[in-house]
Amino acid sequence: QVQLVESGGGLVQAGGSLRLSCAASEGTFSNYGVGWFRQAPGKERDFVAAINWSGGNVYYADSVRGRFTISKNSAKNTVYLQMNNVEPEDTAVYYCAARRGRSLSTSATVQDFWGQGTQVTVSS
């Protein structure tokens, strides 16, 4: 069992930066792939970025590749999403999710655990 807690959301101007954190308050990420997803009002929950259990393999949605970076600090049981050069289109509730196993996954339907979400709002 893994309990996920996101933090770091807020209001930022377009072109600015924000770092989201996803901490495992219970359990560890040692045998989980972790992903970030986002959901804007009236839209589906979309994949943003994912990292495998070791941190050695990452993958990004086309819309964020080159601007966002996912990373993992195993000692702190925390996965980060560094968001640079943000755009108004990045406005959404951001969720982290964990899936048992050593691979990463880009699908929201196969995740085993979810955090409560953190709001990111980008002003133009």
Side-chain angles (χ1 to χ4, degrees):
Q1 187 81 9
V2 176
Q3 299 279 353
L4 306 178
V5 180
E6 301 103 332
S7 61
L11 175 64
V12 60
Q13 286 190 331
S17 297
L18 210 58
R19 189 177 79 159
L20 306 184
S21 299
C22 174
S25 64
E26 293 185 20
T28 73
F29 285 136
S30 58
N31 288 301
Y32 289 84
V34 178
W36 285 96
F37 296 80
R38 65 187 182 186
Q39 188 166 21
K43 295 190 175 181
E44 303 265 324
R45 189 169 296 188
D46 291 331
F47 167 73
V48 176
I51 190 166
N52 74 331
W53 71 282
S54 67
N57 190 20
V58 298
Y59 191 75
Y60 298 96
D62 289 344
S63 59
V64 307
R65 187 174 290 117
R67 300 188 297 121
F68 292 8
T69 302
I70 189 170
S71 62
K72 182 179 182 182
N73 185 323
S74 296
K76 294 186 176 182
N77 267 332
T78 301
V79 171
Y80 302 99
L81 184 69
Q82 178 66 43
M83 306 167 61
N84 295 331
N85 194 23
V86 295
E87 303 168 351
E89 293 74 22
D90 296 320
T91 295
V93 177
Y94 282 71
Y95 298 90
C96 71
R99 180 174 183 258
R100 296 183 185 91
R102 296 197 163 192
S103 61
L104 59 83
S105 173
T106 63
S107 172
T109 61
V110 302
Q111 305 299 319
D112 295 308
F113 304 102
W114 289 89
Q116 82 287 352
T118 186
Q119 176 70 47
V120 171
T121 303
V122 182
S123 63
S124 57

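Just so we're clear, the structure is a prediction, and the values are computed from it rather than from any experiment. Positions are given from 1, in the same order as the sequence printed here.
Sorted by first then second residue, the salt bridge (Lys or Arg N to Asp or Glu O under 4.0 Å) pairs that include residues 103-124, not counting sequence neighbours, are Arg100-Asp112. Note on residues 55-64: pairs passing salt bridge (Lys or Arg N to Asp or Glu O under 4.0 Å), not counting sequence neighbours, are Asp62-Arg65. Residue pairs meeting the salt bridge (Lys or Arg N to Asp or Glu O under 4.0 Å) criterion with at least one partner in residues 31-49, sequence neighbours excluded, are Arg38-Asp90. Applying the salt bridge (Lys or Arg N to Asp or Glu O under 4.0 Å) test to every pair with at least one member in residues 77-86, sequence neighbours left out, gives no pairs at all.
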Can you give each donor-acceptor pair under 3.5 Å made by side-chain atoms of residues 54-61, sequence neighbours left out, with the distance rounded to 0.1 Å?
unit_1 : atom_1 : unit_2 : atom_2 : d
Ser54  : OG     : Asn52  : ND2    : 3.4
Ser54  : OG     : Gly56  : N      : 3.1
Tyr60  : OH     : Ile70  : N      : 2.9

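Counting only heavy atoms from C-beta outward, the side chains of Arg102 and Tyr32 never approach each other to under 4.5 Å. Inter-residue side-chain proximity for Met83 and Leu20 is flagged as met; some heavy-atom pair is nearer than 4.5 Å.
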**Q.** Verdict with reasoning, Phe29 to Cys22, per side-chain contact (heavy atoms from CB on, under 4.5 Å)
**A.** CA-CA 10 Å; Phe29 285 136; Cys22 174; 4.0 Å; yes
Q: Walk me through it: do Val12 and Val86 pass the test side-chain contact (heavy atoms from CB on, under 4.5 Å)?
A: CA-CA 8 Å; Val12 60; Val86 295; 3.7 Å; yes
Q: List the steps and the verdict of side-chain contact (heavy atoms from CB on, under 4.5 Å) for Tyr80 and Lys72.
A: CA-CA 6 Å; Tyr80 302 99; Lys72 182 179 182 182; over 6 Å; no
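Remark: the Asn84 side chain and the Ser17 side chain contain an N/O donor-acceptor pair separated by less than 3.5 Å. Side-chain contact, Ser105 with Ser107: no donor N or O sits under 3.5 Å from an acceptor N or O.
In terms of modelled atom types and a separation under 3.5 Å, the side chain of Glu6 and the main chain of Gly117 share a donor-acceptor contact. Judged by distance alone, with hydrogens and angles left aside, the side-chain atoms of Thr78 form a donor-acceptor pair with the main-chain N or O of Lys76 at under 3.5 Å. With hydrogens and angles disregarded, no donor-acceptor distance shorter than 3.5 Å links the side chain of Arg19 to the backbone of Gln82.
When the side-chain hydrogen bond (donor to acceptor under 3.5 Å, both in side chains) test is applied to Thr106, no partner is found at least two apart in sequence or on another chain. Take Phe68 and apply the ring-ring contact (aromatic ring centres under 6.0 Å, His included) test, not counting sequence neighbours, and it matches no residue. For Phe37, the ring-ring contact (aromatic ring centres under 6.0 Å, His included) partners are Phe47, Trp114, not counting sequence neighbours. A search for side-chain hydrogen bond (donor to acceptor under 3.5 Å, both in side chains) contacts involving Thr121 returns Gln119, not counting sequence neighbours. Residues satisfying the side-chain hydrogen bond (donor to acceptor under 3.5 Å, both in side chains) criterion with Glu87, sequence neighbours excluded, are absent altogether. Remark: Ser25 pairs with no residue by the side-chain hydrogen bond (donor to acceptor under 3.5 Å, both in side chains) rule, at least two apart or across chains.
Both Ile51 and Val64 sit in one connected hydrophobic cluster of ILVMFWY residues. Membership requires side-chain heavy atoms under 4.5 Å apart, directly or through other members. By the criterion of side-chain heavy atoms lying less than 4.5 angstrom apart, applied directly or through intervening Ile, Leu, Val, Met, Phe, Trp or Tyr residues, Tyr94 is grouped together with Val79 in one hydrophobic cluster. Using a 4.5 Å cut-off between side-chain heavy atoms of Ile, Leu, Val, Met, Phe, Trp and Tyr, with links allowed through other members, Leu4 and Leu81 fall into the same hydrophobic cluster.
Remark: Leu18 CG to Gln13 CD distance equals 12.5 Å, nearest 0.5 Å.
The shortest non-hydrogen separation linking Ser124 to Pro88 is CB-CG, 3.9 Å. Nearest heavy-atom pair, Thr91 versus Ala40, reported as atom, atom and distance to 0.1 Å: O-CB, 3.8 Å.
In the hydrophobic clustering, where aliphatic and aromatic side chains (Ile, Leu, Val, Met, Phe, Trp, Tyr) are joined below 4.5 Å either directly or transitively, Val5 stands alone.
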